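This one's a predicted model, so the numbers in the text were calculated from it and none came from an experiment.
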Amino acid sequence: MTSTYTFEDGVSVRRLGFGAMRLTEWDHVRDGAAAVARRAAELGVTFFDTADAYDLGLNEELLADALHPYEGLFIATKCGHARPSRGEWVPLGRPEYLRQQAELSLRRLRVERLDLLQLHRLDPQVPLADQVGALVRLREEGKVARIGLSEVSVAQLAEARAVAPIASVQNRYNLTDRASDDVLDYCEREGIAFVPWLPIARGDHAKAGGVLGKVAAGLGATPAQVSLAWLLRRSPAVIPIPGTSSLAHLEENCGAAGLAISDDDFARLGELGVKRPGRGFPRPGSGVSPGSD
C-alpha cells in the first residue's frame, strides 16, 4: 500500500491528512489548537484541510499562525458555503461570492496561490458551469493551483470535468457510510483524489464485541485506527482527513498509517458498509456540520 498520493502535476502528499475544522469553534480558537496543527506536521501529515466557512475564516488564520510558510505542506481550503448563523450552512455559488471568498482565503492563509480550492457545496440556484468557471478563472490568474469539489455525485463530477480538470472530490465516507462508493470508484479510475470527511466510523459497530472491535483487538489497535487503515487500503486514491483538537487523538489517528490489515479482516470490515437509499448527507441548516471530521 502506497503511503503517498501524487496529483497529475507531480505534487505528492501523505495519504493520511488532517481536517482542521475542530481546531476552532464559532468565535474562538480552541486551547492548544496551534500545537495540535504543528504536531500533525511533525508526525508527517502534509495534507491539511480547512475552509473559509469554518468559523468565518478563523480556522484559516489559525493554520497560518501555526504552520506558515508551510514548508513541505499542502493546504486545501474551500469556498461556496455561507454561514448566516452558527447552525446554518447555506450553499452560495455566485461567481462573485466565490471570488471574494478565494481572495479572503489567500489573505488569511498568507499565500499568493491556493494549493487546492474546493467548491464546498454546489449551489442549486447557480449553473454548475458558472460555479466551476469562477474557480477556473482564479486558476488562470495564478491564484489557484488545483480545483476540487465536495459532496457531488458521479454525474455532477462528470459535468464539472467538462468545464475544468478536477483534482479532488471530498465526500462523506467511512467504513459504514458508503453511499459514495460509486464516486470513489470513479475517482480511482480517473486519477482524482478522493478525500473522505467524517472518516472514522462511529456507533454500535465500534463496541468491543463487534467486528470492528474484534479486529482492532487482534491487531493491538483502536477502532479509530482500524477504520482509517481500512480507508487507506480501500483505494490508493483515498486521502482521509480525520480531525481532532486533542494531541492524544491526533497521535492515535496518525498511528493508522502503519497499520496492516489482512485480506480476511479487510473483507469482514467491508461487510459493515450499508448503502442507504439516497445520498443521506446533512442538509444545510440541519444542525449537522458539513465540514471535515
Side-chain angles (χ1 to χ4, degrees), residues 5 7-11 13 17 19-21 47-54 56-57 59-60 63-64 70 74-83 89-172 180 183 186-187 190-197 237 239 241 281 284 290-292:
Y5 177 86
F7 291 94
E8 286 192 347
D9 58 7
V11 173
V13 297
M21 188 182 73
F47 186 102
F48 289 79
D49 178 84
T50 182
D52 76 278
Y54 294 167
L56 306 179
N59 201 269
E60 292 177 321
L63 285 187
Y70 315 117
F74 185 103
I75 311 298
T77 192
K78 297 182 284 292
C79 64
H81 229 172
R83 298 291 303 279
W89 297 78
V90 180
L92 187 51
R94 295 198 304 269
E96 65 272 19
Y97 180 77
L98 298 178
R99 171 172 288 276
Q100 171 185 297
Q101 296 313 108
E103 296 282 3
L104 289 171
S105 291
L106 286 164
R107 184 185 308 171
R108 289 188 291 248
L109 289 168
R110 306 176 200 165
V111 295
E112 295 182 357
R113 185 174 68 167
L114 300 170
D115 291 330
L116 173 62
L117 181 59
Q118 303 159 101
L119 192 57
H120 207 157
R121 290 295 184 275
L122 297 182
D123 185 342
Q125 305 302 317
V126 179
L128 185 152
D130 291 351
Q131 296 176 70
V132 176
L135 274 57
V136 170
R137 286 186 287 277
L138 288 163
R139 190 189 62 185
E140 290 172 346
E141 295 168 12
K143 296 178 179 181
V144 170
R146 301 164 195 84
I147 295 171
L149 303 173
S150 182
E151 289 308 336
V152 292
S153 66
V154 170
Q156 290 168 330
L157 174 53
E159 183 180 352
R161 293 183 73 206
V163 180
I166 301 300
S168 69
V169 170
Q170 185 174 140
N171 279 12
R172 190 173 74 182
S180 287
V183 181
Y186 179 96
C187 287
E190 298 297 321
I192 299 169
F194 183 86
V195 184
W197 63 270
I239 306 173
I241 49 170
F281 297 116
S292 60

OG-OH distance between Ser153 and Tyr186, expressed to the nearest 0.5 angstrom: 10.5 Å
Gln118, Gln170, Arg172, Arg121 screened by side chain to side chain donor-acceptor pair (under 3.5 Å) with Ser150, the one that passes: Arg121
Does some side-chain heavy atom of Val111 sit less than 4.5 Å from a side-chain heavy atom of Ile75? no
Stepwise, does the side chain to side chain contact (heavy atoms under 4.5 Å, CB included) test hold for Leu92 with Gln101? CA-CA 11 Å; Leu92 187 51; Gln101 296 313 108; over 6 Å; no
One should read off an interatomic distance between Asp49 CG and Met21 CE, to the nearest 0.5 angstrom, of 10.0 Å
Where Ile241 and Pro196 come nearest, the two heavy atoms and their spacing: CG1-O, 3.4 Å
Would you say that more than 12 heavy atoms from the other residues, nucleotides or ligands in this model lie under 6.0 Å from the CZ of Arg99, or not? yes
Return yes if some donor-acceptor pair links the side-chain N/O of Arg113 with the main-chain N/O of Gly142 below 3.5 Å, else return no. no
Between Tyr70 (side chain only) and Leu109 (backbone N and O only), is there a donor and an acceptor less than 3.5 Å apart? yes
If you round to the nearest 0.5 Å, how far is CD of Gln131 from CD1 of Ile147? 12.5 Å
With a 3.5 Å cut-off and no angle check, do the side chains of Asn59 and Thr50 form a donor-acceptor pair? yes
Side-chain donor/acceptor of Arg139 to backbone N/O of Val144, under 3.5 Å: no
Does a side-chain heavy-atom distance below 4.5 Å link Trp197 with Val195? no
Any salt bridge between Arg137 and Glu141, counting N to O under 4.0 Å? no
Can you tell if the side chain of Leu106 reaches within under 4.5 Å of the side chain of Lys143, non-hydrogen atoms only? yes
Pairwise side-chain contact, Asp115 with Val11, heavy-atom cut-off 4.5 Å (strictly under): no
Heavy-atom side-chain contact between Asp52 and Leu104 under 4.5 Å: no
Spacing of Leu119 atom CG and Leu98 atom CG [to the nearest 0.5 Å]: 6.0 Å
Do other residues, nucleotides or ligands put more than 12 heavy atoms under 6.0 Å from the CD atom of Glu112? no
Taking the side chain as every heavy atom from C-beta outward, state whether Thr77 and Tyr54 have any pair of such atoms under 4.5 Å apart. no
Which atom pair, heavy atoms only, marks the closest approach of His81 to Tyr97? O-OH, 4.0 Å
Could you report the tightest heavy-atom contact between Gly80 and His120, atom names first, then the distance? C-CB, 4.3 Å
I need the minimum non-hydrogen distance between Gly148 and Leu116, along with the two atoms involved. N-CD1, 3.7 Å
Does any N or O in the side chain of Asn171 come within less than 3.5 Å of the main-chain N or O of Val152, such that one atom is a donor and the other an acceptor? yes
Donor-acceptor under 3.5 Å (Tyr5 side chain, Ala193 main chain): yes
Using the salt bridge (charged side-chain N to carboxylate O under 4.0 Å, His left out) rule, pick out the option among Arg107, Lys78, Arg108 that qualifies with Glu60. Arg108
Less than 4.5 Å apart, side chain to side chain, heavy atoms only: is that true for Pro91 and Val126? no
Atom pair CZ (Phe74) and CG (Leu114), whose distance is rounded to the nearest 0.5 Å: 10.0 Å
When rounded to the nearest 0.5 Å, the distance separating CG of Leu149 from CG of Leu117 is 10.5 Å
